[in-house]
Number of protein chains: 2
Amino acid sequence: MSIQPAGSSIVPEFRVGSRLYTLYSGWAFRYKTLSDGRRQILNFLLPGDLIGLQEEFVDQSTHGVEALTAVGLCEFPRDGLWDLFRQKPELGYQITWLAAREEHLVDENLLSAGRRTAAERVAMLLVHLYRRAERVGLVTESRTEFPLTQQHIADALGLSLVHTNKTLRQLQRLGLHSIDGGYLTLEDPHAIARIADWVDRPMRRQPLI
Amino acid sequence: MSIQPAGSSIVPEFRVGSRLYTLYSGWAFRYKTLSDGRRQILNFLLPGDLIGLQEEFVDQSTHGVEALTAVGLCEFPRDGLWDLFRQKPELGYQITWLAAREEHLVDENLLSAGRRTAAERVAMLLVHLYRRAERVGLVTESRTEFPLTQQHIADALGLSLVHTNKTLRQLQRLGLHSIDGGYLTLEDPHAIARIADWVDRPMRRQPLI
DNA sequence: CGACATGTTGAGATGGATCAACACTTGTGG
DNA sequence: CCACAAGTGTTGATCCATCTCAACATGTCG
């Protein structure tokens, strides 16, 4: 396993033939940028998530991956995914599981960016990340580490930084959540979930790779 | 293989335990809706695309799939994906290939919805769909069947129907494209690609399932 | 023929963008 | 130790891209 510091680039946005990892510890995110610099964060990565699967199939890396905190990475063997599928079909199945789940995350984010208002997007992001963190055991005493800056939130939601700030403050003033000292608390989980139009769907237990 | 008419629902938006198919012929799309009816189209499906993979892993279907034209569907064996991976790892590998590629499509759409202007989104959608159609042999004489209504385009781009119409007309007036009689032509592929900030990236040959 | 889906266009309203300041913290070099 | 720059968060004022509302045209289908 290798360790990388917060803010470092795990997969550069344009690059040929990178490797496949699982995120063992820490937070990261996938992103794309337009040629004039506008950036969209595609989804956030929590422990257990896969990094670099698309690069295996698309010849050029089309998104970057960056560390939000210090991260631990677990690298897959170099000899190719195809061999892995042949030799350990169970592992192949689990990789597909993770790929389908990540697509599900992007689906949710696209629904937000395309159809939700600013307040709904922010609420959705907070609830969604909180529940994901919860599922991988990152929540203690009703709060979770929350290493995103407002710029990250804005880039994830397709909003401007300024409007993101105003919307966050608005929700916080309503007593829905608080972000303090790098930790997120859902002060009124029911209300914030209602705003986000969030329904907690059961997912199968996550495979351990 | 089964056939379904245009406009029919292939996978309803909320449903437990549906099946896995490949789209053999025709056009379809995946979508999600908020509880008040706002709809977001996640991506369009062309021949060779997979339908229903997420349902295999998420216990409840979280997106619907609808046919745009009459479609031919090829159903995977009922006995479960896990057996398939074990017995035919090559097929498993190709399924993962397709899953990663579909995620790549959703990534692109999220970038559009989050960061592109209306004109850029429309340009991107037209170029992207045209190139995809081209890749599966649906382009003849520089045009492709184009079964989307403006409502579909609006729902895919996160725009209102009215603004979608005005933007389409604007691009058409500039001589960038034309949509006529259910067919799309890129009149000025270079210009429209520039607006879309589109770069044609090579992809590996698509596996035939 | 009427009902309905689809496309088109103008006018006015508005959510969110942009611009501009400023506060606070952290790190860095002198 | 201070001076300064850079990153982050906050807030008000103004602007504009897009939304909403409204009306109408066209084509299809029963």
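Within every chain, numbering begins at 1; the chains are lettered A, B, ... in the order of the sequence lines, protein sequences first and strands thereafter.
Remark: A/Arg101 does not engage A/Asp107 in a salt bridge, criterion side-chain N to carboxylate O under 4.0 Å. Between B/Arg38 and A/Glu120, at least one side-chain nitrogen of the basic residue sits less than 4.0 Å from a carboxylate oxygen of the acidic one, meeting the salt-bridge criterion. Ionic pairing of B/Glu103 and A/Arg30 is present here: one or more N-O contacts between side-chain nitrogen and carboxylate oxygen are shorter than 4.0 angstrom. Here A/Arg115 pairs with B/Asp155 in a salt bridge; the nearest charged N to carboxylate O distance falls below 4.0 Å.
Of the possible donor and acceptor atoms, one in the side chain of B/Gln40 sits under 3.5 Å from a partner among the backbone N and O of B/Ala156. Counting only distance, with no hydrogens or angles, the side chain of B/His128 and the backbone of B/Leu125 share no donor-acceptor pair below 3.5 Å.
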What is the per-nucleotide protein-contact pattern of nucleotides 8-24 of chain D, from the 5' end, where B denotes a base atom under 4.0 Å from a protein heavy atom, S denotes such proximity for sugar-phosphate atoms only, and - denotes neither?
-> SSBBBB----BSBB---
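Separation of the B/His63 and B/Tyr31 ring centroids does not fall under the 6.0 Å cut-off.
B/Ser178 pairs in a side-chain hydrogen bond (donor to acceptor under 3.5 Å, both in side chains) with only one of the listed residues (B/Gln172, B/Arg143, B/Glu187), which is B/Glu187.
Note that the first and last nucleotides of DNA chain C, 5' to 3', having any atom under 4.0 angstrom from a heavy atom of chain A are C/dG16 to C/dC19.
Axis deviation across the helix from C/dC1-D/dG30 to C/dG30-D/dC1 amounts to 30°, comparing end segments of five pairs, rounded to 10 degrees.
Rounded to the nearest 0.5 angstrom, A/Ile192 CD1 and A/His190 NE2 are separated by 12.5 Å.
Between A/Phe146 and A/Trp27, the angle of the ring planes goes over 60°, which puts this pair in the perpendicular group of the 30/60° scheme.
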